[in-house]
Amino acid sequence: MAATHSMQTQLFINGQYVDSKSGETWKVTNPATDELITDKVQTAGEADIDAAVDAAAKAFKDASWRGIKAADRAKMMLKFADLIEAKAGEIARFETIAMGAPLSVQTFVAHSAADVFRYYAGWADKIAGEQYPDDDGTYKIVRYEPLGVCAGIGAWNASLILFAWKVAPALAAGNTFIFKTSEKSPLGVLSLGSLIKEAGFPPGVVNLVTGDGKTGQLLAQHMKIQKISFTGSGATGRKVADAANKSNMKRCTLELGGKSPAIVFEDADIENALNYCSQGFLLLSGQVCAAASRTYVQKSIADKFIAQLKERFDAAGQGMGADTLAPTTMLGPLADKIQFDRVMSYIESGKKEASLVTGGKRIGEKGQFIAPTIFKDPSENAKIYKEEIFGPVGIVKTFETEEEAIRLANDTTYGLSATLYTQSVTRALRVSAALESGTVSVNSSHSPSVQTPFGGVKQSGIGRECGKQGLMNYLEPKTIHINMKVG
Ligand code: NAD
(Lines give C-alpha, C1' and ligand atoms only; values in the text may rest on other atoms or scores of the structure.)
Protein backbone atom coordinates (compact mmCIF):
# COMPACT_ATOMS: atom_id res chain seq x y z
CA MET A 1 0.00 0.00 0.00
CA ALA A 2 1.28 3.50 -0.84
CA ALA A 3 2.54 5.50 2.13
CA THR A 4 0.25 8.29 3.38
CA HIS A 5 1.31 11.71 2.28
CA SER A 6 1.69 13.46 5.61
CA MET A 7 1.15 17.09 6.57
CA GLN A 8 4.39 19.06 6.73
CA THR A 9 4.88 22.26 8.69
CA GLN A 10 8.67 22.49 8.35
CA LEU A 11 10.68 24.31 5.71
CA PHE A 12 12.26 22.20 2.96
CA ILE A 13 15.85 23.38 2.48
CA ASN A 14 18.74 21.55 0.84
CA GLY A 15 16.72 18.38 0.46
CA GLN A 16 15.69 18.19 4.15
CA TYR A 17 12.70 19.23 6.22
CA VAL A 18 13.97 21.61 8.91
CA ASP A 19 12.60 23.87 11.63
CA SER A 20 13.10 27.59 11.11
CA LYS A 21 16.17 28.98 12.84
CA SER A 22 14.13 31.90 14.19
CA GLY A 23 11.79 29.53 16.03
CA GLU A 24 8.84 31.60 14.78
CA THR A 25 5.70 29.73 13.80
CA TRP A 26 2.43 30.54 12.05
CA LYS A 27 -1.04 29.19 12.55
CA VAL A 28 -3.48 27.95 9.95
CA THR A 29 -7.22 27.92 10.56
CA ASN A 30 -9.79 26.22 8.33
CA PRO A 31 -11.96 29.08 6.99
CA ALA A 32 -14.88 26.70 6.39
CA THR A 33 -15.11 25.65 10.03
CA ASP A 34 -12.94 28.19 11.92
CA GLU A 35 -11.05 25.21 13.44
CA LEU A 36 -7.34 25.45 14.12
CA ILE A 37 -5.44 23.12 11.76
CA THR A 38 -1.94 23.76 13.13
CA ASP A 39 -0.01 26.47 14.94
CA LYS A 40 3.35 24.96 14.03
CA VAL A 41 4.04 26.18 10.49
CA GLN A 42 7.68 27.29 10.51
CA THR A 43 8.27 30.89 9.44
CA ALA A 44 11.43 31.46 7.43
CA GLY A 45 13.58 34.31 8.76
CA GLU A 46 16.80 35.81 7.44
CA ALA A 47 19.04 32.88 8.45
CA ASP A 48 16.65 30.41 6.81
CA ILE A 49 16.48 32.37 3.56
CA ASP A 50 20.28 32.64 3.54
CA ALA A 51 20.52 28.88 4.05
CA ALA A 52 18.07 28.25 1.19
CA VAL A 53 19.96 30.65 -1.10
CA ASP A 54 23.31 29.03 -0.24
CA ALA A 55 21.87 25.57 -0.94
CA ALA A 56 20.37 26.71 -4.25
CA ALA A 57 23.61 28.48 -5.27
CA LYS A 58 25.68 25.38 -4.50
CA ALA A 59 23.23 23.12 -6.35
CA PHE A 60 23.27 25.41 -9.39
CA LYS A 61 27.01 24.85 -9.83
CA ASP A 62 27.07 21.21 -8.76
CA ALA A 63 27.75 18.55 -11.37
CA SER A 64 24.70 16.61 -10.16
CA TRP A 65 22.51 19.37 -11.69
CA ARG A 66 24.66 21.62 -13.88
CA GLY A 67 26.55 18.69 -15.33
CA ILE A 68 23.64 16.47 -16.34
CA LYS A 69 21.94 16.20 -19.70
CA ALA A 70 18.82 18.30 -20.22
CA ALA A 71 16.94 15.06 -20.90
CA ASP A 72 17.86 13.90 -17.38
CA ARG A 73 16.38 17.09 -15.90
CA ALA A 74 13.25 16.27 -17.87
CA LYS A 75 13.16 12.74 -16.41
CA MET A 76 13.14 14.13 -12.86
CA MET A 77 10.39 16.58 -13.79
CA LEU A 78 8.27 13.82 -15.33
CA LYS A 79 8.72 11.63 -12.28
CA PHE A 80 7.77 14.56 -10.04
CA ALA A 81 4.62 15.10 -12.14
CA ASP A 82 3.67 11.43 -11.70
CA LEU A 83 4.23 11.67 -7.95
CA ILE A 84 2.07 14.80 -7.65
CA GLU A 85 -0.65 13.09 -9.63
CA ALA A 86 -0.51 9.96 -7.49
CA LYS A 87 -0.95 12.05 -4.33
CA ALA A 88 -3.18 14.74 -5.86
CA GLY A 89 -6.13 14.11 -3.53
CA GLU A 90 -4.02 14.28 -0.40
CA ILE A 91 -2.07 17.37 -1.51
CA ALA A 92 -5.34 19.06 -2.50
CA ARG A 93 -6.79 18.31 0.93
CA PHE A 94 -4.01 20.33 2.57
CA GLU A 95 -4.96 23.29 0.41
CA THR A 96 -8.68 22.90 1.13
CA ILE A 97 -8.30 22.82 4.90
CA ALA A 98 -5.99 25.84 4.84
CA MET A 99 -7.72 28.24 2.44
CA GLY A 100 -11.18 26.81 1.92
CA ALA A 101 -11.49 26.10 -1.81
CA PRO A 102 -13.39 22.81 -2.14
CA LEU A 103 -11.49 19.56 -2.53
CA SER A 104 -13.01 19.03 -6.00
CA VAL A 105 -11.44 22.29 -7.20
CA GLN A 106 -8.10 21.82 -5.46
CA THR A 107 -7.79 18.27 -6.81
CA PHE A 108 -8.22 19.66 -10.32
CA VAL A 109 -5.55 22.29 -9.51
CA ALA A 110 -3.14 19.58 -8.28
CA HIS A 111 -3.56 17.61 -11.51
CA SER A 112 -3.03 20.78 -13.53
CA ALA A 113 0.21 21.42 -11.60
CA ALA A 114 1.44 17.94 -12.60
CA ASP A 115 0.61 18.74 -16.24
CA VAL A 116 2.65 21.95 -16.05
CA PHE A 117 5.72 19.92 -15.02
CA ARG A 118 5.10 17.54 -17.93
CA TYR A 119 4.77 20.39 -20.39
CA TYR A 120 8.02 22.07 -19.31
CA ALA A 121 9.85 18.73 -19.10
CA GLY A 122 9.24 18.60 -22.85
CA TRP A 123 11.04 21.93 -23.30
CA ALA A 124 14.16 21.02 -21.29
CA ASP A 125 16.15 19.54 -24.21
CA LYS A 126 14.72 21.86 -26.87
CA ILE A 127 16.22 25.16 -25.73
CA ALA A 128 17.87 26.22 -28.96
CA GLY A 129 19.95 29.27 -29.75
CA GLU A 130 20.50 31.25 -32.94
CA GLN A 131 23.32 31.83 -35.35
CA TYR A 132 23.86 34.56 -37.93
CA PRO A 133 26.25 34.29 -40.91
CA ASP A 134 29.67 35.86 -41.13
CA ASP A 135 28.64 38.11 -44.03
CA ASP A 136 30.46 40.99 -42.33
CA GLY A 137 33.43 38.87 -41.27
CA THR A 138 31.96 38.01 -37.87
CA TYR A 139 30.13 34.76 -37.11
CA LYS A 140 27.42 35.42 -34.50
CA ILE A 141 25.92 33.04 -31.98
CA VAL A 142 23.20 33.60 -29.39
CA ARG A 143 22.97 30.99 -26.67
CA TYR A 144 20.41 30.89 -23.85
CA GLU A 145 21.70 30.22 -20.37
CA PRO A 146 20.02 29.68 -17.02
CA LEU A 147 20.08 32.63 -14.62
CA GLY A 148 21.13 30.84 -11.42
CA VAL A 149 19.17 31.02 -8.18
CA CYS A 150 15.56 32.04 -8.83
CA ALA A 151 12.77 32.70 -6.35
CA GLY A 152 9.00 32.69 -6.50
CA ILE A 153 6.39 34.18 -4.20
CA GLY A 154 2.82 32.92 -4.45
CA ALA A 155 -0.66 34.15 -3.63
CA TRP A 156 -2.93 31.78 -1.72
CA ASN A 157 -5.76 31.18 -4.15
CA ALA A 158 -4.18 28.39 -6.22
CA SER A 159 -0.78 27.77 -4.61
CA LEU A 160 -0.08 24.51 -6.41
CA ILE A 161 -0.52 25.94 -9.88
CA LEU A 162 1.43 29.11 -9.03
CA PHE A 163 4.23 26.89 -7.74
CA ALA A 164 4.21 24.90 -10.99
CA TRP A 165 4.06 27.96 -13.29
CA LYS A 166 7.22 29.31 -11.67
CA VAL A 167 9.28 26.27 -10.70
CA ALA A 168 8.72 24.04 -13.77
CA PRO A 169 10.05 26.46 -16.45
CA ALA A 170 12.90 27.50 -14.15
CA LEU A 171 14.03 23.88 -13.73
CA ALA A 172 13.59 23.08 -17.42
CA ALA A 173 15.99 25.96 -18.10
CA GLY A 174 18.51 24.57 -15.59
CA ASN A 175 18.04 27.05 -12.71
CA THR A 176 17.60 26.28 -9.03
CA PHE A 177 14.66 27.59 -7.02
CA ILE A 178 13.31 28.86 -3.70
CA PHE A 179 9.53 29.04 -3.57
CA LYS A 180 7.65 30.88 -0.84
CA THR A 181 4.01 29.96 -0.38
CA SER A 182 1.51 32.43 0.95
CA GLU A 183 1.19 32.28 4.72
CA LYS A 184 -2.53 31.57 4.16
CA SER A 185 -1.97 28.34 2.21
CA PRO A 186 1.39 26.78 3.11
CA LEU A 187 0.42 23.13 3.58
CA GLY A 188 -0.04 21.79 0.05
CA VAL A 189 3.27 23.11 -1.29
CA LEU A 190 5.26 22.25 1.87
CA SER A 191 4.05 18.66 1.49
CA LEU A 192 5.82 18.47 -1.89
CA GLY A 193 9.30 18.30 -0.31
CA SER A 194 9.22 14.53 0.06
CA LEU A 195 8.15 14.19 -3.60
CA ILE A 196 10.94 16.51 -4.75
CA LYS A 197 13.38 14.17 -3.02
CA GLU A 198 11.74 11.04 -4.40
CA ALA A 199 11.78 12.46 -7.93
CA GLY A 200 15.58 12.59 -7.69
CA PHE A 201 16.25 16.32 -7.69
CA PRO A 202 19.63 16.88 -6.02
CA PRO A 203 19.56 18.70 -2.63
CA GLY A 204 19.14 22.47 -3.00
CA VAL A 205 17.62 22.39 -6.50
CA VAL A 206 14.12 23.13 -5.15
CA ASN A 207 13.64 24.70 -1.71
CA LEU A 208 10.28 25.45 -0.09
CA VAL A 209 9.80 28.17 2.49
CA THR A 210 6.87 29.96 4.00
CA GLY A 211 6.17 33.07 6.03
CA ASP A 212 4.41 36.38 5.54
CA GLY A 213 5.49 39.59 3.81
CA LYS A 214 8.70 39.84 5.84
CA THR A 215 9.88 36.52 4.40
CA GLY A 216 8.86 37.62 0.90
CA GLN A 217 10.80 40.84 1.33
CA LEU A 218 13.93 38.88 2.31
CA LEU A 219 13.72 37.06 -1.02
CA ALA A 220 12.96 40.18 -3.07
CA GLN A 221 15.96 42.05 -1.66
CA HIS A 222 18.43 39.16 -1.56
CA MET A 223 21.73 39.94 -3.31
CA LYS A 224 22.33 36.37 -4.48
CA ILE A 225 18.94 35.72 -6.09
CA GLN A 226 19.01 36.47 -9.82
CA LYS A 227 15.29 36.43 -10.59
CA ILE A 228 12.03 36.74 -8.73
CA SER A 229 8.60 35.85 -10.00
CA PHE A 230 5.82 37.28 -7.89
CA THR A 231 2.08 36.55 -7.89
CA GLY A 232 -0.14 38.69 -5.70
CA SER A 233 -1.66 42.12 -5.35
CA GLY A 234 -0.48 45.23 -7.16
CA ALA A 235 0.47 46.94 -3.90
CA THR A 236 2.81 44.11 -2.90
CA GLY A 237 4.07 43.73 -6.47
CA ARG A 238 5.34 47.33 -6.35
CA LYS A 239 7.26 46.58 -3.14
CA VAL A 240 8.79 43.46 -4.71
CA ALA A 241 9.85 45.37 -7.84
CA ASP A 242 11.33 48.18 -5.68
CA ALA A 243 13.29 45.71 -3.57
CA ALA A 244 14.47 43.85 -6.68
CA ASN A 245 15.74 47.11 -8.22
CA LYS A 246 17.30 48.48 -5.06
CA SER A 247 19.19 45.27 -4.29
CA ASN A 248 20.90 43.60 -7.25
CA MET A 249 18.51 44.50 -10.11
CA LYS A 250 17.28 40.94 -10.17
CA ARG A 251 14.96 40.06 -13.05
CA CYS A 252 11.34 40.45 -12.02
CA THR A 253 8.08 39.00 -13.29
CA LEU A 254 4.88 40.38 -11.75
CA GLU A 255 1.55 38.57 -11.99
CA LEU A 256 -0.89 40.93 -10.31
CA GLY A 257 -4.58 41.55 -9.85
CA GLY A 258 -7.40 42.31 -12.24
CA LYS A 259 -10.82 43.86 -12.63
CA SER A 260 -11.62 42.03 -15.79
CA PRO A 261 -14.59 42.71 -18.05
CA ALA A 262 -17.11 40.32 -19.63
CA ILE A 263 -19.05 41.82 -22.55
CA VAL A 264 -22.31 40.10 -23.47
CA PHE A 265 -23.59 41.10 -26.91
CA GLU A 266 -27.24 40.60 -27.87
CA ASP A 267 -26.29 37.95 -30.46
CA ALA A 268 -24.54 35.75 -27.85
CA ASP A 269 -25.54 32.21 -26.94
CA ILE A 270 -27.25 33.48 -23.80
CA GLU A 271 -27.33 30.19 -21.93
CA ASN A 272 -23.58 29.80 -22.41
CA ALA A 273 -22.90 33.42 -21.39
CA LEU A 274 -25.04 33.00 -18.26
CA ASN A 275 -23.14 29.87 -17.26
CA TYR A 276 -19.74 31.52 -17.52
CA CYS A 277 -20.87 34.82 -15.96
CA SER A 278 -22.25 32.90 -12.95
CA GLN A 279 -20.51 29.55 -12.26
CA GLY A 280 -17.42 30.61 -14.23
CA PHE A 281 -17.08 33.85 -12.30
CA LEU A 282 -17.88 32.26 -8.92
CA LEU A 283 -15.16 29.58 -9.16
CA LEU A 284 -13.06 29.77 -5.94
CA SER A 285 -15.78 32.14 -4.67
CA GLY A 286 -14.54 34.86 -7.01
CA GLN A 287 -10.99 34.66 -5.64
CA VAL A 288 -9.43 34.27 -9.09
CA CYS A 289 -7.17 36.93 -10.60
CA ALA A 290 -8.72 36.42 -14.05
CA ALA A 291 -12.34 36.48 -12.80
CA ALA A 292 -14.53 38.71 -14.97
CA SER A 293 -15.93 40.85 -12.18
CA ARG A 294 -17.44 43.57 -14.41
CA THR A 295 -20.20 42.28 -16.70
CA TYR A 296 -21.46 44.57 -19.47
CA VAL A 297 -24.74 43.48 -21.05
CA GLN A 298 -26.24 44.95 -24.21
CA LYS A 299 -29.34 46.95 -23.27
CA SER A 300 -31.74 45.03 -25.54
CA ILE A 301 -31.22 41.82 -23.51
CA ALA A 302 -30.23 43.31 -20.15
CA ASP A 303 -33.41 42.96 -18.05
CA LYS A 304 -33.88 39.29 -18.86
CA PHE A 305 -30.15 38.51 -18.59
CA ILE A 306 -29.75 40.17 -15.18
CA ALA A 307 -32.86 38.41 -13.82
CA GLN A 308 -31.48 35.03 -14.93
CA LEU A 309 -28.02 35.85 -13.62
CA LYS A 310 -29.55 36.62 -10.22
CA GLU A 311 -31.31 33.22 -10.24
CA ARG A 312 -28.01 31.47 -10.91
CA PHE A 313 -26.13 33.40 -8.24
CA ASP A 314 -28.88 32.55 -5.75
CA ALA A 315 -28.79 28.87 -6.74
CA ALA A 316 -25.00 28.80 -6.33
CA GLY A 317 -25.38 30.36 -2.87
CA GLN A 318 -27.65 27.47 -1.81
CA GLY A 319 -24.66 25.12 -1.91
CA MET A 320 -22.42 27.41 0.14
CA GLY A 321 -21.61 26.33 3.65
CA ALA A 322 -21.51 22.65 2.69
CA ASP A 323 -18.54 20.50 3.70
CA THR A 324 -15.61 21.64 1.55
CA LEU A 325 -14.14 18.12 1.67
CA ALA A 326 -17.28 16.56 0.14
CA PRO A 327 -16.67 15.71 -3.53
CA THR A 328 -19.82 17.46 -4.72
CA THR A 329 -19.18 20.83 -3.04
CA MET A 330 -18.33 23.47 -5.63
CA LEU A 331 -18.11 26.73 -3.65
CA GLY A 332 -16.24 27.42 -0.43
CA PRO A 333 -15.62 30.28 1.95
CA LEU A 334 -13.29 33.24 1.61
CA ALA A 335 -9.68 32.32 2.43
CA ASP A 336 -9.67 33.73 5.95
CA LYS A 337 -11.23 36.31 8.26
CA ILE A 338 -9.03 39.09 6.81
CA GLN A 339 -10.27 38.37 3.29
CA PHE A 340 -13.86 38.04 4.57
CA ASP A 341 -13.68 41.45 6.28
CA ARG A 342 -12.12 43.03 3.20
CA VAL A 343 -14.88 41.74 0.90
CA MET A 344 -17.62 42.70 3.38
CA SER A 345 -16.24 46.25 3.55
CA TYR A 346 -16.51 46.48 -0.27
CA ILE A 347 -20.09 45.20 -0.02
CA GLU A 348 -20.95 47.88 2.56
CA SER A 349 -19.52 50.61 0.34
CA GLY A 350 -21.30 49.06 -2.67
CA LYS A 351 -24.63 49.39 -0.91
CA LYS A 352 -24.10 53.18 -0.98
CA GLU A 353 -22.68 53.31 -4.52
CA ALA A 354 -24.88 50.97 -6.56
CA SER A 355 -28.08 48.98 -6.47
CA LEU A 356 -27.84 45.58 -4.79
CA VAL A 357 -29.43 42.88 -6.98
CA THR A 358 -28.75 39.93 -4.71
CA GLY A 359 -26.47 38.66 -1.92
CA GLY A 360 -24.57 41.21 0.12
CA LYS A 361 -24.49 39.16 3.33
CA ARG A 362 -22.68 36.36 5.10
CA ILE A 363 -23.93 32.79 4.95
CA GLY A 364 -24.15 30.77 8.17
CA GLU A 365 -22.70 31.53 11.56
CA LYS A 366 -19.40 29.75 11.33
CA GLY A 367 -16.86 29.90 8.54
CA GLN A 368 -16.06 32.81 6.25
CA PHE A 369 -18.85 32.39 3.69
CA ILE A 370 -20.29 35.31 1.72
CA ALA A 371 -23.36 34.96 -0.49
CA PRO A 372 -22.80 35.39 -4.23
CA THR A 373 -23.51 39.08 -4.74
CA ILE A 374 -24.47 41.27 -7.70
CA PHE A 375 -24.46 45.06 -7.81
CA LYS A 376 -26.00 46.94 -10.72
CA ASP A 377 -25.23 50.33 -12.23
CA PRO A 378 -22.49 51.73 -10.00
CA SER A 379 -21.24 55.22 -10.84
CA GLU A 380 -18.08 55.16 -12.97
CA ASN A 381 -15.99 56.25 -9.95
CA ALA A 382 -17.48 53.86 -7.39
CA LYS A 383 -14.93 51.94 -5.30
CA ILE A 384 -16.61 48.59 -6.06
CA TYR A 385 -16.40 49.40 -9.76
CA LYS A 386 -12.78 50.54 -9.81
CA GLU A 387 -11.01 48.26 -7.33
CA GLU A 388 -10.37 44.52 -7.31
CA ILE A 389 -12.61 42.94 -4.64
CA PHE A 390 -11.38 39.32 -4.97
CA GLY A 391 -14.57 37.73 -3.71
CA PRO A 392 -17.99 36.57 -4.98
CA VAL A 393 -19.09 40.10 -5.87
CA GLY A 394 -19.94 40.90 -9.50
CA ILE A 395 -20.86 44.25 -11.02
CA VAL A 396 -23.32 44.55 -13.91
CA LYS A 397 -23.72 47.53 -16.24
CA THR A 398 -25.45 47.96 -19.60
CA PHE A 399 -24.24 49.33 -22.93
CA GLU A 400 -25.82 50.18 -26.26
CA THR A 401 -23.07 50.01 -28.88
CA GLU A 402 -19.89 48.01 -29.45
CA GLU A 403 -17.82 51.21 -29.13
CA GLU A 404 -19.37 51.98 -25.76
CA ALA A 405 -18.71 48.41 -24.54
CA ILE A 406 -15.04 48.66 -25.52
CA ARG A 407 -14.68 52.08 -23.86
CA LEU A 408 -16.24 50.81 -20.62
CA ALA A 409 -14.20 47.59 -20.62
CA ASN A 410 -10.93 49.49 -21.10
CA ASP A 411 -11.72 52.13 -18.48
CA THR A 412 -9.57 50.50 -15.79
CA THR A 413 -6.00 50.52 -14.54
CA TYR A 414 -5.97 46.72 -14.88
CA GLY A 415 -5.62 44.53 -17.97
CA LEU A 416 -5.39 40.85 -17.09
CA SER A 417 -8.20 38.96 -18.72
CA ALA A 418 -11.18 40.09 -20.81
CA THR A 419 -14.05 37.93 -22.06
CA LEU A 420 -16.71 38.54 -24.67
CA TYR A 421 -19.80 36.67 -25.76
CA THR A 422 -21.01 36.83 -29.37
CA GLN A 423 -21.73 34.47 -32.24
CA SER A 424 -20.12 36.79 -34.77
CA VAL A 425 -16.54 35.79 -35.59
CA THR A 426 -15.71 39.16 -37.07
CA ARG A 427 -17.00 41.00 -34.01
CA ALA A 428 -15.06 38.59 -31.78
CA LEU A 429 -11.82 39.37 -33.62
CA ARG A 430 -12.49 43.13 -33.81
CA VAL A 431 -13.33 43.49 -30.13
CA SER A 432 -10.50 41.14 -29.01
CA ALA A 433 -8.04 43.42 -30.79
CA ALA A 434 -9.49 46.56 -29.18
CA LEU A 435 -9.48 45.27 -25.60
CA GLU A 436 -6.51 46.33 -23.45
CA SER A 437 -5.82 42.98 -21.85
CA GLY A 438 -3.09 40.33 -21.66
CA THR A 439 -5.62 37.63 -22.47
CA VAL A 440 -9.03 37.62 -24.17
CA SER A 441 -11.49 34.72 -24.18
CA VAL A 442 -14.40 34.44 -26.56
CA ASN A 443 -17.52 32.62 -25.34
CA SER A 444 -16.00 31.34 -22.10
CA SER A 445 -14.33 32.53 -18.90
CA HIS A 446 -10.58 32.75 -19.22
CA SER A 447 -8.99 29.51 -18.15
CA PRO A 448 -5.19 29.74 -18.47
CA SER A 449 -3.52 27.08 -20.62
CA VAL A 450 0.08 26.04 -20.00
CA GLN A 451 0.65 26.31 -23.77
CA THR A 452 -0.14 30.03 -24.05
CA PRO A 453 1.35 33.03 -22.23
CA PHE A 454 -0.62 34.27 -19.25
CA GLY A 455 -0.18 37.71 -17.68
CA GLY A 456 -1.38 41.25 -17.71
CA VAL A 457 -0.96 44.62 -19.37
CA LYS A 458 -1.24 47.99 -17.58
CA GLN A 459 -1.12 47.49 -13.79
CA SER A 460 -1.95 43.78 -13.95
CA GLY A 461 1.69 42.91 -14.27
CA ILE A 462 4.94 42.67 -16.16
CA GLY A 463 6.02 39.57 -18.07
CA ARG A 464 4.24 36.31 -18.74
CA GLU A 465 4.03 32.81 -17.31
CA CYS A 466 3.22 29.63 -19.26
CA GLY A 467 4.08 28.75 -22.83
CA LYS A 468 7.47 29.43 -24.39
CA GLN A 469 7.42 32.97 -22.96
CA GLY A 470 7.23 31.50 -19.47
CA LEU A 471 10.38 29.51 -20.19
CA MET A 472 12.30 32.44 -21.72
CA ASN A 473 11.77 34.37 -18.44
CA TYR A 474 14.25 31.96 -16.87
CA LEU A 475 16.93 32.23 -19.53
CA GLU A 476 19.41 34.97 -20.34
CA PRO A 477 20.69 35.38 -23.91
CA LYS A 478 24.44 35.44 -24.33
CA THR A 479 25.85 36.82 -27.58
CA ILE A 480 29.14 35.42 -28.88
CA HIS A 481 30.89 37.05 -31.87
CA ILE A 482 33.75 35.26 -33.62
CA ASN A 483 36.08 37.20 -35.87
CA MET A 484 36.41 34.86 -38.83
CA LYS A 485 39.47 36.65 -40.24
CA VAL A 486 41.73 35.33 -37.49
CA GLY A 487 43.01 31.83 -36.90
P1 NAD B 1 -0.64 39.69 -1.48
O2 NAD B 1 0.00 40.69 -2.37
O3 NAD B 1 -1.18 40.14 -0.17
O4 NAD B 1 0.39 38.52 -1.11
C5 NAD B 1 1.00 37.73 -2.12
C6 NAD B 1 2.28 37.13 -1.58
O7 NAD B 1 3.19 38.18 -1.30
C8 NAD B 1 2.14 36.34 -0.28
O9 NAD B 1 2.95 35.21 -0.36
C10 NAD B 1 2.66 37.31 0.77
O11 NAD B 1 3.21 36.68 1.90
C12 NAD B 1 3.75 38.02 -0.01
N13 NAD B 1 4.12 39.36 0.48
C14 NAD B 1 3.39 40.22 1.22
N15 NAD B 1 4.09 41.37 1.43
C16 NAD B 1 5.28 41.21 0.80
C17 NAD B 1 6.43 42.05 0.61
N18 NAD B 1 6.50 43.27 1.14
N19 NAD B 1 7.46 41.57 -0.12
C20 NAD B 1 7.40 40.34 -0.69
N21 NAD B 1 6.34 39.51 -0.55
C22 NAD B 1 5.29 39.93 0.18
O23 NAD B 1 -1.76 38.98 -2.35
P24 NAD B 1 -2.77 37.84 -1.89
O25 NAD B 1 -3.84 38.46 -1.05
O26 NAD B 1 -2.03 36.68 -1.37
O27 NAD B 1 -3.39 37.38 -3.29
C28 NAD B 1 -4.42 38.04 -3.92
C29 NAD B 1 -3.90 38.85 -5.08
O30 NAD B 1 -3.13 38.02 -5.97
C31 NAD B 1 -5.01 39.41 -5.93
O32 NAD B 1 -4.71 40.74 -6.29
C33 NAD B 1 -5.01 38.51 -7.16
O34 NAD B 1 -5.57 39.08 -8.32
C35 NAD B 1 -3.55 38.24 -7.31
N36 NAD B 1 -3.30 37.04 -8.13
C37 NAD B 1 -2.77 37.20 -9.37
C38 NAD B 1 -2.56 36.08 -10.19
C39 NAD B 1 -1.96 36.22 -11.57
O40 NAD B 1 -1.49 35.21 -12.10
N41 NAD B 1 -1.97 37.40 -12.18
C42 NAD B 1 -2.88 34.81 -9.71
C43 NAD B 1 -3.41 34.68 -8.43
C44 NAD B 1 -3.62 35.81 -7.64
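What's counted below: heavy atoms across the whole structure, side chains too, no hydrogens, waters or symmetry copies. Ligands are counted one by one from 1 in listed order, and the atoms in each one are counted from 1 as well. These numbers were taken from a predicted model, which means no experiment stands behind them.
Residue Phe230 holds its CZ atom at 10.5 Å from CD of Glu255, rounded to the nearest 0.5 Å.
In this structure, Lys166 forms no cation-pi arrangement with Tyr474, as its terminal cationic atom is not both closer than 6.0 Å to the ring centre and no more than 45° off the ring axis.
Annotation for Phe281 and Gly391: closest pair CZ-O, 3.8 Å, computed over non-hydrogen atoms. Taking each heavy atom of Leu471 and Ala172 in turn, the nearest pair found is CD1-CB, 4.0 Å. In plain terms, the two heavy atoms of Trp165 and Cys466 that are nearest each other are NE1-SG, 3.4 Å. Shortest non-hydrogen contact noted between Leu103 and Gly89 is CD1-O, 3.8 Å.
Using a 4.0 Å cut-off between heavy atoms, Gln339 makes no contact with ligand 1 at all. Counting heavy atoms under 4.0 Å from ligand 1, residue Glu255 touches it through both backbone and side chain. Residue-level proximity to ligand 1 for Asn157 is carried by the side chain, the only part with a heavy atom below 4.0 angstrom. Within the 4.0 Å heavy-atom criterion, both parts of Thr231, backbone and side chain, lie near ligand 1.
Summarising the contacts of atom 20 (C) of ligand 1 with Gly455, Ala243, Ser260, Gly216, the nearest heavy atom is found in Gly216. Counting heavy atoms only, Gly154 comes closest to atom 6 (C) of ligand 1 of the residues Gly154, Gly258, Ala155, Ala151. Considering Ser233, Ala158, Ala290 only, the shortest heavy-atom separation from atom 2 (O) of ligand 1 involves Ser233.
Side chain of Asp48 to main chain of Lys21: a donor-acceptor pair is present (N/O by atom type, distance under 3.5 Å, no hydrogens or angles). When atom types are taken as modelled, the side chain of Gln42 and the backbone of Lys40 share a donor-acceptor pair closer than 3.5 angstrom.
Listed by number with element, the atoms of ligand 1 under 4.0 Å from a non-hydrogen atom of Val240 are 19 (N), 20 (C). Within ligand 1, counting atoms from 1 as listed, the ones closer than 4.0 Å to a heavy atom of Phe454 are 40 (O). Residue-ligand proximity, Asp212 to ligand 1, at heavy-atom distances under 4.0 Å covers atoms 11 (O). Heavy-atom proximity to Phe230, at under 4.0 Å, picks out these atoms of ligand 1: 2 (O), 5 (C), 6 (C), 7 (O). Close contacts of ligand 1 with Ser182, meaning ligand atoms under 4.0 Å from a residue heavy atom, involve 9 (O). Distances below 4.0 Å separate heavy atoms of Lys239 from the following atoms of ligand 1: 18 (N).
A 4.5 Å side-chain heavy-atom check between Val167 and Phe117 finds at least one atom pair inside the cut-off.
Considering only non-hydrogen protein atoms, atom 12 (C) of ligand 1 sits nearest to Ile153 CG2, 3.8 Å. When hydrogens are left out, the protein atom nearest atom 17 (C) of ligand 1 is Gln217 OE1, 3.4 Å; that is the closest non-hydrogen contact. Among protein heavy atoms, atom 31 (C) of ligand 1 sits closest to Glu388 OE1, 3.4 Å. Atom 39 (C) of ligand 1 has as its closest protein heavy atom Cys289 SG, 3.3 Å.
Residue Thr236 has at least one N or O atom closer than 3.5 Å to an N or O atom of ligand 1. The shortest N or O to N or O distance between Lys180 and ligand 1 is below 3.5 Å. Looking at Ser460 next to ligand 1, no N or O pair under 3.5 Å apart turns up. Ligand 1 has an N or O atom lying under 3.5 Å from an N or O atom of Leu256, backbone or side chain.
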(message) Using side-chain hydrogen bond (donor to acceptor under 3.5 Å, both in side chains), reason through Lys180 and Thr215 one step at a time and then give a plain yes or no.
(response) CA-CA 8 Å; Lys180 184 190 99 59; Thr215 309; 5.9 Å; no
(request) For the pair Thr412 and Arg294, evaluate side chain to side chain contact (heavy atoms under 4.5 Å, CB included) and give the outcome as yes or no after the intermediate values. (result) CA-CA 11 Å; Thr412 170; Arg294 293 178 293 141; 3.3 Å; yes
(message) Does Glu380 form a side chain to side chain contact (heavy atoms under 4.5 Å, CB included) with Leu408? I'd like the steps, not just the answer.
(response) CA-CA 9 Å; Glu380 289 198 12; Leu408 289 167; 3.6 Å; yes
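Legend: side-chain hydrogen bond (donor to acceptor under 3.5 Å, both in side chains) pairs involving residues 332-343, not counting sequence neighbours, sorted by first then second residue: Lys184-Asp336, Lys337-Asp341.
Look at Ala220 and you'll find every heavy atom at least 4.0 Å from all atoms of ligand 1.
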